[in-house]
Amino acid sequence: MALISQTSSSYFSRSIGFCSSSFYSTTARKTQILLLDNNAGHKRGLKSVIVAASPITEDDVVSTKPLTKEDLVGHLASGCKPKEKWRIGLEHERFGFELETLRPIQYEQIAELLNWIAERFKWDKVMEGNNIIGLKQGGQSISLEPGGQFELSGSPLETLHQVCAEVDSQLNQVKAVTEEMGIGFLEIGGQPKWRLKDIPMMPKQRCVIIRNYMPKVGSLGLDLMFRTCTVQVNLDFSSEADMRRKLRASLALQPIATALFANSPFTEGKPNGFLSRRSHIYTDTDKDRTGMLPFAFDDSFGFEQYVDYALDVPMYCVYRKQKYIDCNGMTFRDFIAGKLRCLPGELPTLNDWDNHLGTLYPEVRLKRYLEMRGADGGPWRSFCALPAFWVGLLYDEVSLQNVLDMIADWTPEERQMLRNKVPKTGLKTPFRDGLLKHVAEDVVKFAKDGLERRGFKESGFLNEVMEVVRTGVTPAEKLLELYNGKWKQQIDPVFEELLF
């Protein structure tokens, strides 16, 4: 899902996760592989398909010329696009489970599912060694999170109607196969029932490195890897000044998005005390790479300041010779100086830089586009509401300025307070003389007005969010009401309630 250039066809191919590439190999090779019949599993013969042989950095593009900080700044700046070329990217994750037992699906089931989708709907397979780890079709991709969470990433599209039509197509293809396999998908932000030890780990080299590092820097990193799902929207900017305005607006309002889409109130079969535990988990995952980026509100902030931040966030790994090399604790600043202990004397490429940027997890992430990262995963009807919310606010100049005027006197302490409290109290979080709900009412109106000014008849996609704001009841609170009432404090009904 990299919004990498104006001509790129793989604009949003991958960026949420821990074990997946920022973008797939550009030198994918053709391989003869044996395909299975969808229904009988019999050999059908050989077909030529495209298999991404290796992610991120190919062996034949290792740099011999040192990158400078100016190169890294210019790389971010290369994402600037005129307004007519702004696009919308959507990614959405869900938990796979066995319909009969409700247990998480194993890698072998996931591999079968991916193979069936690839053959039936003509997707290209993405391999790591002998293991299928994803699919790719044009600008779309399907990839796996560490615990087998299934992520679908869309193409860069101009309107919300196009985005939602693509989501429909993706989900219908997946559902056509899962129904035959006895598999369902749970559309929720946090695993509601199973313990960490019950979650399978995907056979991906990078996952092992990150899994071993996470407990060293926080108590909840493994939960983030294995027991959360999100929906993410990716949007463009036209200039450094436009990036700055959109980043500040979206950072300040990210807690409102977290509240509106809060949908992770259960852990190991019981209420966990949060409306969005997924959001809370980030507060004790890795302080070096998470947070509200207070420096983005400094007068001097721009691409260079974000590069300075990213240069000093510890790296996870580097990909060389078809292997991930553990570089934990070392920085990209070391790398550009040729002083990486795990690869002494070797210099990075811009692909290495993109990969590193994808391992930072602030509330809004800057690459050559902006990623809105505050929302829990949820049911289909909310997928299109999230991009509608952010597009209405950030792609309309009047709405964007209204937001900036609103947040102009918010202090760093207030922004951090909202970040800390919203995962528990949602729209009922006290803010100044009222509740966050009252701020959200104004913000959603800004979004609706912005969509109407775009002229694509998109404001209907905000209906789900408008209902949440009207009632003040978040998706998580609806689930808790069902748990304490109709479900009689049993967790299993959530698998039927939020089944895809």
Side-chain angles (χ1 to χ4, degrees), residues 92-106 109 145 147-150 171 174-175 178-179 181-200 220 222-224 226-231 258-281 375-383 385 421-429 435-437 463-500:
H92 39 105
E93 301 172 345
R94 53 195 46 74
F95 297 103
F97 67 97
E98 297 175 347
L99 292 173
E100 185 174 343
T101 67
L102 306 184
R103 297 194 65 84
I105 54 177
Q106 302 297 306
Q109 295 165 294
E145 292 296 301
Q149 302 99 313
F150 215 68
L171 294 180
V174 172
K175 193 172 184 67
T178 56
E179 286 179 341
M181 294 181 62
I183 288 172
F185 281 101
L186 183 64
E187 299 185 318
I188 196 170
Q191 168 56 247
K193 180 170 182 172
W194 302 105
R195 299 165 295 179
L196 270 174
K197 68 178 184 179
D198 298 318
I199 310 296
L220 297 176
L222 296 183
D223 265 300
L224 185 61
F226 293 98
R227 296 203 291 185
T228 64
C229 283
T230 187
V231 181
T258 298
L260 292 172
F261 295 90
N263 194 41
S264 49
F266 305 117
T267 303
E268 296 180 9
K270 297 178 181 178
N272 53 38
F274 294 90
L275 302 179
S276 176
R277 185 172 183 267
R278 183 206 61 85
S279 179
H280 168 71
I281 283 170
D376 285 357
W380 178 91
R381 61 185 180 271
S382 70
F383 289 167
K421 290 188 176 181
V422 161
K424 271 202 169 186
T425 51
L427 294 174
K428 297 178 178 64
T429 303
L435 300 176
L436 189 62
K437 175 182 183 293
N463 288 346
E464 284 292 319
V465 168
M466 294 175 68
E467 180 65 12
V468 172
V469 167
R470 185 187 69 79
T471 62
V473 179
T474 65
E477 288 166 305
K478 290 182 179 179
L479 292 176
L480 288 166
E481 182 180 355
L482 286 168
Y483 175 85
N484 288 309
K486 181 180 177 181
W487 298 351
K488 299 179 180 180
Q489 298 188 342
Q490 300 296 311
I491 198 61
D492 286 0
V494 76
F495 288 86
E496 182 177 355
E497 180 71 22
L498 295 179
L499 169 67
F500 162 71

Verdict with reasoning, Leu102 to Leu186, per side-chain contact (heavy atoms from CB on, under 4.5 Å): CA-CA 10 Å; Leu102 306 184; Leu186 183 64; over 6 Å; no
Just jot down the salt bridge (Lys or Arg N to Asp or Glu O under 4.0 Å) partners of Glu467, sequence neighbours excluded, or say none. Arg470
Met181 CE to Glu98 CD distance, which is reported to the nearest 0.5 Å: 10.0 Å
Nearest non-hydrogen partners of Asp198 and Pro104, listed with the distance: O-CG, 3.9 Å
Minimum heavy-atom distance Ser264-Ser276, with the two atoms named: OG-CA, 3.2 Å
Does Lys270 NZ have over 12 foreign heavy atoms under 6.0 Å away? no
Hey, does the side chain of Thr230 reach the backbone of Ala375 with a donor-acceptor pair shorter than 3.5 angstrom? yes
Results of salt bridge (Lys or Arg N to Asp or Glu O under 4.0 Å) for Lys437 - residues two or more places apart only: Glu441
To the nearest 0.5 Å, what is the distance between CD on Glu93 and CD1 on Ile188? 14.0 Å
Which atoms form the tightest heavy-atom contact between Leu275 and Asp376, and what is the distance? O-OD2, 4.1 Å
If you take all heavy atoms of Thr101 and Trp194, which pair is closest and at what distance? O-CZ2, 4.1 Å
By the definition ring pair (Phe, Tyr, Trp, His ring centres under 6.0 Å), identify the one residue from Phe97, Phe150, Phe95 that meets it with Phe185. Phe150
Indicate every side-chain donor-acceptor pair of residues 474-482 with a distance under 3.5 Å to a residue at least two apart or in another chain.
unit_1: Thr474; atom_1: OG1; unit_2: Glu477; atom_2: N; d: 3.3
unit_1: Thr474; atom_1: OG1; unit_2: Glu477; atom_2: OE1; d: 2.9
unit_1: Glu477; atom_1: OE1; unit_2: Thr474; atom_2: N; d: 2.8
unit_1: Glu477; atom_1: OE2; unit_2: Lys428; atom_2: NZ; d: 2.8

Nearest heavy-atom approach of Leu436 to Gly426 is CD2-O, 3.9 Å
Holding to salt bridge (Lys or Arg N to Asp or Glu O under 4.0 Å), I want the full list of residues that pass it with Glu496, two or more places apart in sequence or in another chain. none
Taking Leu498's backbone N and O only, do any of them form a donor-acceptor pair with Glu187's side chain (distance below 3.5 Å, no angle check)? no
Chi angles and distances behind the side-chain contact (heavy atoms from CB on, under 4.5 Å) call for Asn272, His280: CA-CA 11 Å; Asn272 53 38; His280 168 71; over 6 Å; no
Working to the nearest 0.5 Å, report the span between CD1 of Ile183 and CD of Gln109. 5.0 Å
Checking side-chain contact (heavy atoms from CB on, under 4.5 Å) between Leu220 and each of Leu222, Asp223, Leu224, which is the one that passes? Asp223
Atom of Phe261, atom of Val465 and distance for their closest heavy-atom approach: CZ-CG2, 3.5 Å
Can you measure from CZ (Arg94) to CH2 (Trp380) and round to the nearest 0.5 angstrom? 12.0 Å
In the structure I gave you, are the side-chain heavy atoms of Asn263 and Pro379 within less than 4.5 Å of one another anywhere? yes
Let me have the donor-acceptor pairs involving side chains of residues 487-495, under 3.5 Å, with sequence neighbours excluded, atom names and distances please.
unit_1: Gln489; atom_1: NE2; unit_2: Asn484; atom_2: OD1; d: 3.3
unit_1: Asp492; atom_1: OD1; unit_2: Lys193; atom_2: NZ; d: 2.8

CD/Gln191 to SG/Cys229 distance, rounded to the nearest 0.5 angstrom? 8.5 Å
Taking C-beta and beyond as the side chain, do Pro265 and Phe274 meet within less than 4.5 Å on heavy atoms? no
Which residues satisfy the ring-ring contact (aromatic ring centres under 6.0 Å, His included) test with Phe226, sequence neighbours excluded? none
Taking the side chain as everything from C-beta on, heavy atoms only, tell me whether Leu435 gets closer than 4.5 Å to Leu427. no
Let me know which of Arg277, Arg227, Arg195 forms a salt bridge (Lys or Arg N to Asp or Glu O under 4.0 Å) with Glu268. Arg227
